[in-house]
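So the structure is just underneath, and the comments pick up after that.
Numbers for residues simply follow the sequence, beginning at 1. Start at 1 and go down the list; that is how both ligands and their atoms are numbered. Quick caveat: nothing in here was measured; it's all calculated off a predicted structure.
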Amino acid sequence: MNWITVCGGGNGAHALIGTLLLQDETTHIRLYLPLEEERSRFADAISSYSKFEVQLAGEVHSVVSNRIHVTGDPEEAARSSIIIMVVPAFAHGAILSQLAPYLTKENTIAALPARSGLEYQAQDILGKVSQDGCVVVGFQTLPWACRTGEFGHSVTIHGTKKRVGAACLPAKEIGEKAKVFSTLLGMDVIPYRSMLELSLANTGQLIHPGIMYSVFRNRRTEIFPSEDEVPFFYASVDDKAAEFLSRMSDEVLTIKKVVEERLAGFKMPGVVHVSQWVNQAYGDKILDISSLATQFQTNRGYQTFKVPMKKSSGGYQIDVNTRYLTEDIPFGLLVTKGIASVVGVETPMIDEVITNTSAWIGKEYLIDGRLIGRDVMTTRAPQRYTIDSLEELIR
Ligand code: NAD
């Protein structure tokens, strides 16, 4: 038997559980759910249904659900050599802290996806507690667009990326870990050379807050009478919004250039323009690749997604309390801003997005473009971990 621990019980965890079980019939899952209510709901679902189902491209694939073993015990969770956290970045800290006392160099703990700045947080938590250094793997993105069907029983995978990037702490382990995870996930895992590369290559930090701001900033109070009238998210990117995203991406490329110039031999080939990334990730799912706007508008992997919404009197309204802001700003764009500050790169477009969208969600990160807002300590900006030189960023 091949035991793998999955931490998380949301959409991504359902997709991962299904994928791992379908990939290899000797795999068993330790499903670590520290939240009690979620743990008992999952355990109930497993005992009610004998199958766990994955709907993929119109076909239903099923596996026996008694290969999933639910636990709330961190020591038991740490018994698997491979542990994968599939949770929003704001939950990484809690899970790392719970598992840290039981992790050894036999463990590999992965974050799928990592978002940005995982390296500083993992170092901070595991460095203090874990006995003898496990390997940390961060993935650039979740490989699937997916939604839980029936909790604990079924999941629909709407789209699968062609490949996914990953980096390691310590960096030298990535070659071997990329092979291991390619086999587990059944897709190409592209090795990145450093966690810094991974943090800067996080395109969700540009795409999600960038679209929320550039496309929807003047529509936040609008009432959409029915769900059908709520606008699409990615498909709403027009030329103006694409220009915005492109400029944010150019700022990240400037950070990359400055870092590479200052560190002889240090390269971050995975940090590419958002347009190149969309093409690489979605390939022939895009019907018209002629511009960044059409790459979003005609991307079949993106078509069904609406702007996050909430019910309001008279219909629906845009919901600003969405992961696109509550996760992608503190665990994404703000990390990039922090890295830019360390290396002395101006990021006016990114600053504009952070300053405005953080106000929508009642957070204060930047004051006059500086990382001194009251909520910086709840983010993974390197400054939160008192990292303020390029040498420390790399270390
Ligand atoms: P989700 O909201 O469905 O899952 C959240 C889960 O996180 C919860 O069910 C719980 O198990 C866990 N969790 C939350 N807070 C916790 C805490 N304090 N302690 C322990 N566990 C906690 O989210 P998801 O859709 O599975 O997304 C997971 C990650 O993948 C996020 O970073 C998301 O942005 C990213 N992502 C998701 C999709 C998708 O299609 N679902 C696509 C791209 C990226």
Side-chain angles (χ1 to χ4, degrees), residues 5-19 29-43 45 54-56 68 70-74 77 83-100 109-118 121 125 138-152 154-161 164-165 185 198-199 202-209 211-212 233-234 277-278 281-282 299 301-306 308 319 321-333 335 378 380:
T5 291
V6 172
C7 306
N11 303 302
H14 279 72
L16 177 64
I17 290 166
T19 301
I29 307 279
R30 287 192 177 100
L31 181 60
Y32 177 61
L33 296 173
L35 306 175
E36 199 177 332
E37 196 264 343
E38 187 174 53
R39 183 167 67 245
S40 57
R41 270 180 75 210
F42 215 110
V54 181
Q55 181 153 356
L56 181 62
I68 307 167
V70 178
T71 180
D73 177 359
I83 301 166
I84 310 175
M85 299 185 285
V86 197
V87 293
F90 55 73
H92 290 160
I95 295 175
L96 286 171
S97 299
Q98 289 152 13
L99 299 190
I109 185 159
L112 182 74
R115 301 303 184 203
S116 301
L118 174 72
Q121 185 177 41
I125 295 172
F139 284 88
Q140 193 212 357
T141 176
L142 192 76
W144 318 280
C146 53
R147 291 291 177 268
T148 303
E150 237 175 291
F151 185 82
S154 63
V155 61
T156 300
I157 297 185
H158 295 285
T160 303
K161 296 194 178 77
V164 57
L185 299 173
L198 185 82
S199 283
N202 167 5
T203 43
Q205 64 175 332
L206 306 177
I207 295 171
H208 298 146
I211 296 178
M212 284 299 286
F233 186 69
Y234 303 102
W277 180 83
V278 174
Y282 289 95
N299 186 334
Y302 279 155
Q303 285 312 304
T304 51
F305 294 92
K306 299 256 175 168
D319 185 2
N321 276 309
T322 157
R323 299 263 172 80
Y324 291 169
L325 300 180
T326 58
E327 183 180 17
D328 286 304
I329 298 280
F331 302 96
L333 219 40
V335 179
T378 61
R380 288 202 300 220

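- The shortest heavy-atom distance from H158 to ligand 1 is not under 4.0 Å.
- Counting heavy atoms from C-beta on, the side chains of T160 and L56 come closer than 4.5 Å.
- At the top of the distance list for atom 7 (O) of ligand 1, counting protein heavy atoms only, stands P88 CD, 3.4 Å.
- Here's the thing with E327: one of its N/O atoms is less than 3.5 angstrom from an N/O atom of ligand 1.
- No side-chain heavy atom of R115 sits under 4.5 Å from any side-chain heavy atom of V335.
- The CD1 atom of I207 sits 8.5 Å away from the OG1 atom of T141 when rounded to the nearest 0.5 Å.
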- Message: Assess the residue pair V155 and W144 against the criterion (side-chain contact (heavy atoms from CB on, under 4.5 Å)); give the C-alpha distance rounded to whole Å, side-chain angles, the decisive distance to 0.1 Å, and a yes or no.
- Response: CA-CA 11 Å; V155 61; W144 318 280; over 6 Å; no

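- Short contacts between ligand 1 and A145, defined as distances under 4.0 Å to a heavy atom of the residue, involve ligand atoms 40 (O).
- At the top of the distance list for atom 25 (O) of ligand 1, counting protein heavy atoms only, stands N11 ND2, 3.0 Å.
- Inter-residue side-chain proximity for R323 and P308 is flagged as unmet; no heavy-atom pair is nearer than 4.5 Å.
- We find the CG-CG distance between L206 and L333 to be 6.5 Å, quoted to the nearest 0.5 Å.
- Proximity of L31 to F42: side-chain heavy atoms (C-beta onward) are separated by under 4.5 Å at one or more points.
- Looking at R115, E38, R323, H92 and measuring to atom 35 (C) of ligand 1, the nearest heavy atom belongs to R115.
- When the options A15, G93, G12 are ranked by their closest heavy atom to atom 26 (O) of ligand 1, first place goes to G12.
- For atom 12 (C) of ligand 1, the nearest protein heavy atom (residue, atom name, distance) is V87 CG1, 3.6 Å.
- Under the 4.5 Å side-chain criterion, counting only non-hydrogen atoms from C-beta, Y32 is not in contact with I83.
- Ligand 1 places these atoms under 4.0 Å from at least one heavy atom of R147: 39 (C), 40 (O), 41 (N).
- Looking at ligand 1, you'll find an N or O of G9 within less than 3.5 Å of one of its N or O atoms.
- Between the side chain of S116 and the backbone N or O of S199, at least one donor-acceptor pair lies under 3.5 Å.
- Of the candidates G159, A91, P143, it is A91 that places a heavy atom closest to atom 14 (C) of ligand 1.
- A donor atom on one side chain and an acceptor atom on the other are found under 3.5 Å apart for R380 and H92.
- Below 4.0 Å from some heavy atom of G8 lie the following atoms of ligand 1, by number and element: 11 (O).
- Side-chain atoms of R39 come within 3.5 Å of backbone atoms of L33 as a donor-acceptor pair (strictly under, hydrogens ignored).
- For atom 42 (C) of ligand 1, the nearest non-hydrogen atom from the set Y32, W144, F331 comes from W144.
- The closest protein non-hydrogen atom to atom 4 (O) of ligand 1 is G10 CA, 3.3 Å.
- Considering only non-hydrogen protein atoms, atom 29 (C) of ligand 1 sits nearest to P113 CD, 3.7 Å.
- Side-chain contact check for F233 versus H208: some heavy-atom pair is nearer than 4.5 Å.
- Among all non-hydrogen protein atoms, the one lying nearest atom 37 (C) of ligand 1 is L142 CD2, 3.5 Å.
- When non-hydrogen atoms are compared, ligand 1 lies under 4.0 Å from neither the backbone nor the side chain of C7.
- Taking 4.0 Å as the cut-off, H14 does not count as a neighbour of ligand 1 on heavy-atom distance.
- Numbered from 1 in the order shown, with element, the atoms of ligand 1 that lie under 4.0 Å from a heavy atom of P34 read 20 (C).
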